[in-house]
Amino acid sequence: MPELPEVETIARNLRLGTSEQPTLLGETISSGMVLWEKTLAYPSIPEFSVNITGQHIEDITRRGKYLVILMGDATLLFHLRMSGDLVVEQAGERIATHHRLLLNLESGLRLAFNDPRKFGRVWLTPNPEMVLGELGPEPLDEQFTAADFFQRLHQKHRQLKPLLLDQKFLAGIGNIYADEALHLAYLHPLMPSDMLSLQQADVLLTGIRQVLQEGILRNGASIDWVYRGGDFQNYFRVYQRTGEACFRCGTPIQRIVVGQRGTHFCPSCQLSPDSSV
DNA sequence: CACGAGACCTGTTCGC
DNA sequence: TGCGAACAGGTCTCGT
């Protein structure tokens, strides 16, 4: 489930607490347990067990789609990939089927990494740049301007959709928000990136920011059996609306496959890929 | 460099 | 009802 708005929501809930659970800031980790070996990307399980014990949780943030837990002399990083989730529960609770890694806390709570598809990964390192170093800019960073975006678009000759999904190009955008942003910007997913005008780049960046902020405002999107309480799925303009009417022009939304990802767009009001207008 | 296919995994939904 | 295929919010690696 997790793109930028979903990870932001999870980070915020762990940082500030919710009606269901207290904040994890100030907690001390009494022990860690790895239930699926490949979930731990770094370091080795023995090193992890030693180094995680006794760490204090100082802050919980996000970078791209990574959830970042800052702990004094180390940083814990989670990438939720397709099906990962973080849940706070009582330490004595039965370990759910899809839990892959557990952090027991001194308060008697437990932070569990739940991940049915086992694609998610966890890192514990003194140097988070080893994981985050290659990421592109944060789309919501005000320092990142339309002119910057235009320049990056023109450094490449790539189809817009796969480029937006490239985390080295921009950090945090996934399949839902890419489709939604392209629709808002009236741009075809196959349009070459270096064909955009400065004005179009500006409109696209604005669209990206709008959908990400809407997603965050609605606590992310909840799809299928993976439910987190967000409701942005009720406000999709194109994603998973194949055959339904475009809200702008009434044309049925079309689904194609681009870079092996389902891609949804309006064939009428999203400019054709070779349009120079 | 850009792109497509295959891999990694499990679960749900669709079509016959 | 049953069963295989298609599909799923992500990313890596390999071949062309």
Side-chain angles (χ1 to χ4, degrees), chain A residues 1-11 35-42 62-67 77-86 96-101 113-123 130-136 152-182 189-195 208 211-212 214-216 218-243 255-264 273:
Chain A
M1 48 159 298
E3 301 182 37
L4 186 156
E6 289 74 30
V7 179
E8 181 70 31
T9 300
I10 295 170
L35 303 170
W36 179 257
E37 282 188 32
K38 294 175 82 173
T39 295
L40 184 65
Y42 184 87
R62 176 196 62 73
R63 172 78 171 98
K65 299 176 191 172
Y66 290 84
L67 187 110
L77 299 156
F78 290 85
H79 197 303
L80 280 37
R81 294 282 181 93
M82 294 287 265
S83 63
D85 196 5
L86 284 164
T97 311
H98 302 304
H99 281 3
R100 308 302 180 197
L101 187 146
F113 181 49
N114 184 281
D115 183 22
R117 290 178 72 178
K118 300 177 177 171
F119 287 167
R121 293 293 181 266
V122 178
W123 296 257
M130 120 191 179
V131 182
L132 306 176
E134 299 267 275
L135 286 178
R152 289 180 80 82
L153 287 164
H154 280 252
Q155 281 168 358
K156 305 278 182 182
H157 179 71
R158 293 183 57 187
Q159 299 171 331
L160 283 179
K161 171 72 186 280
L163 185 57
L164 290 180
L165 295 181
D166 183 343
Q167 302 299 297
K168 295 198 261 315
F169 180 72
L170 261 194
I173 299 173
N175 208 34
I176 294 177
Y177 295 88
D179 283 2
E180 295 293 319
L182 288 169
L190 298 180
M191 183 178 285
S193 58
D194 54 356
M195 190 177 283
I208 288 168
V211 291
L212 293 176
E214 276 182 29
I216 291 170
R218 302 196 181 284
N219 300 311
S222 313
I223 294 186
D224 298 336
W225 81 104
V226 186
Y227 180 70
R228 275 208 63 79
D231 67 344
F232 186 55
Q233 71 279 7
N234 298 323
Y235 301 88
F236 291 163
R237 295 164 178 85
V238 287
Y239 188 77
Q240 288 191 346
R241 291 194 64 244
T242 309
R255 179 184 185 277
I256 58 176
V257 175
V258 182
Q260 297 168 287
R261 311 302 303 277
T263 297
H264 313 74

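Chain letters run A, B, ... following the sequence lines, proteins first and then strands; every chain starts at 1.
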Those residues that, when tested against [X], pass side-chain hydrogen bond (donor to acceptor under 3.5 Å, both in side chains) (two or more places apart):
X: K65(A); result: none
X: Y66(A); result: none
X: H79(A); result: none
X: R63(A); result: E138(A)

| field | Span that lies between the P atom of dA5(B) and that of dA6(C), in whole angstrom | value | 14 Å

| Just to confirm, is there a sub-4.0 Å distance from OP1 or OP2 of dG9(C) to any side-chain nitrogen or oxygen of Y177(A)? | no

| Has R158(A) got a side-chain N or O lying under 4.0 Å from the OP1 or OP2 atom of dC3(B)? | yes

Go through the structure and list residues passing side chain to side chain contact (heavy atoms under 4.5 Å, CB included) with [X], not counting sequence neighbours.
X: F236(A); result: I176(A), E180(A), A221(A), I223(A), F232(A), Q233(A), Y239(A)
X: D166(A); result: R158(A), K168(A), F169(A)
X: R100(A); result: W36(A), T39(A), H98(A), F113(A), D115(A), K118(A)
X: R241(A); result: E244(A), F247(A), I253(A)

| said: Using a 3.5 Å limit on both distances, find every run of at least three consecutive Watson-Crick or G-U pairs that involves DNA chain B. | reply: B:2-8 with C:10-16, B:10-16 with C:2-8

| remark: Residues passing the ring pair (Phe, Tyr, Trp, His ring centres under 6.0 Å) test with H154(A), sequence neighbours excluded, are F150(A)

| note | Against the side chain of H98(A), the closest entry in dC3(B), dG9(C), dG11(B) is dG11(B)

Any N/O pairs under 3.5 Å between the protein and nucleotides 4-7 of chain C? List them or say none.
none

| remark: Heavy-atom contacts, protein to nucleotides 11-16 of chain C, under 4.0 Å, summarised as B (base), S (sugar-phosphate only) or - (none) per nt, yield B-----

